[in-house]
Protein chains: 2
Amino acid sequence: MKPRKHRRARLDLPRIAERFRKKARKLTGPRRAILVALRERGGPVTPREIFRALEGRCDLATVYRSMHLLETMGMVKRYDFGDGQARFELLEEGDDGHHHHLVCRRCADVVEIEGCLMSDVDRQVAEANGFKAVTHRLEFFGICPECQGSDSRGENVTD
Amino acid sequence: MKPRKHRRARLDLPRIAERFRKKARKLTGPRRAILVALRERGGPVTPREIFRALEGRCDLATVYRSMHLLETMGMVKRYDFGDGQARFELLEEGDDGHHHHLVCRRCADVVEIEGCLMSDVDRQVAEANGFKAVTHRLEFFGICPECQGSDSRGENVTD
DNA sequence: GCTCCAATTGCAAACGATTTGCAATTGGCG
DNA sequence: CGCCAATTGCAAATCGTTTGCAATTGGAGC
């Protein structure tokens, strides 16, 4: 069995209900289910995957709407692996989710890269170009250990 | 007038025709026009922008098909700024196009960042995780000098 | 220059991810 | 327990991109 690749954020429902209440939002059945599904996975998940995991307990449109809400509430972070679908990762409260991923081009398996290797590059880039509020988007792509043996073509995640 | 932000690759038509011929491809009117449009811009362009620049001289589907072809021929490089549309940049022969961009979140203006600041990070990431053939995708986002004065909300390119 | 045929194109329909309008449903505060 | 704004499901709409197909066109060979 492979080692766990993603930590599973706690799901402090009372605290979450609290955060919803503060914004006059409801902690509904579908939303609760989505949060659970997100925690189950730990890593980045596509809306469709969440939808499938929910087995009819919630509509796909609702998943999308919920992801938007959770994103604005800072409860999930959106990632883009360049394959045309968004991915969302549950965040611990207070975590800004700034880290990067290493994605297998064959099996789409995702490894979390610890720590942002680019701490001050944003600042350098900002200064060098007169920009403000510079952030970046960085993801790595490669072939994972399991896929290195298998012969060339598989599903391609990106590039 | 703003300084030019992107170098304009030469358009050595005879040489290009040569490269097409070698692959039994035709250097057609639409393709020639697309190449010219790409050179005009210099920087990353969306298929739709190319289409508009061509003013009916070629269908949008043809633009897409051409971009695929040019990409496989190594004549353009595809970039993803996370706003749901692809961008393509004309490459000089021999250039692998590996550089990054700084995109204004307000006006979508793009500045080229010289040199890849991540020369050996790919290798480090590969080794640390047992992956092979690791590459990365990195783009910066911020607010450009021109947009820093204008008050908050404008069109949002990403994030 | 002219022929011929594979490569290419335009057009319209198909697609897949995501968004939205709307009427029916539902949390949660009073 | 009731009310009402927030939310949901469903279907239709959007948007970027791809594809099927019949008509068109480069360019290699004559």
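As the structure is a computational prediction, the values presented were derived from the model and not from experiment.
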Return the set of residues passing salt bridge (charged side-chain N to carboxylate O under 4.0 Å, His left out) with A/R32 (not counting sequence neighbours), or none when no residue passes.
none
Using side chain to side chain contact (heavy atoms under 4.5 Å, CB included) as the criterion, list what pairs up with A/D96, not counting sequence neighbours.
A/H98
Per the under-4.0 Å heavy-atom filter, residues of residues 53-66 of chain A near DNA chain C come out as A/L60, A/A61, A/Y64, A/R65
Could I get the full list of side chain to side chain contact (heavy atoms under 4.5 Å, CB included) partners for A/A61, not counting sequence neighbours?
A/D59, A/R65
Along DNA chain C, first and last positions that approach a heavy atom of chain B under 4.0 Å:
C/dA6 to C/dC11
Go through the structure and list residues passing salt bridge (charged side-chain N to carboxylate O under 4.0 Å, His left out) with A/R31, not counting sequence neighbours.
none
Just distance, no hydrogens or angles: give the donor-acceptor pairs under 3.5 Å from side chains in residues 44-52 of chain B, sequence neighbours left out.
| residue | atom | partner | partner atom | Å |
| --- | --- | --- | --- | --- |
| B/T46 | OG1 | B/E49 | N | 3.0 |
| B/T46 | OG1 | B/E49 | OE1 | 3.4 |
| B/E49 | OE1 | B/R41 | NH2 | 3.4 |
| B/E49 | OE1 | B/T46 | N | 2.9 |
| B/E49 | OE2 | B/R41 | NH2 | 3.2 |

Contacts of A/R21 that satisfy salt bridge (charged side-chain N to carboxylate O under 4.0 Å, His left out) - sequence neighbours left out:
A/E18
Under 3.5 Å, side chain of B/H101 to main-chain N/O of B/E139, donor-acceptor pair present?
no
Using heavy atoms and a sub-4.0 Å distance, could you list which residues of residues 14-28 of chain B are near DNA chain C? By number, please.
B/A24, B/R25, B/K26, B/T28
Per-helix bend value, the helix from C/dG1-D/dC30 to C/dG30-D/dC1, C1' rotation axes over five pairs per end, 10° rounding, shows 30°
Under the rule for side chain to side chain contact (heavy atoms under 4.5 Å, CB included), what residues qualify as partners of B/E93, not counting sequence neighbours?
B/R15, B/R19
Using side chain to side chain contact (heavy atoms under 4.5 Å, CB included) as the criterion, list what pairs up with B/R78, not counting sequence neighbours.
B/H68, B/E71, B/A86, B/F88
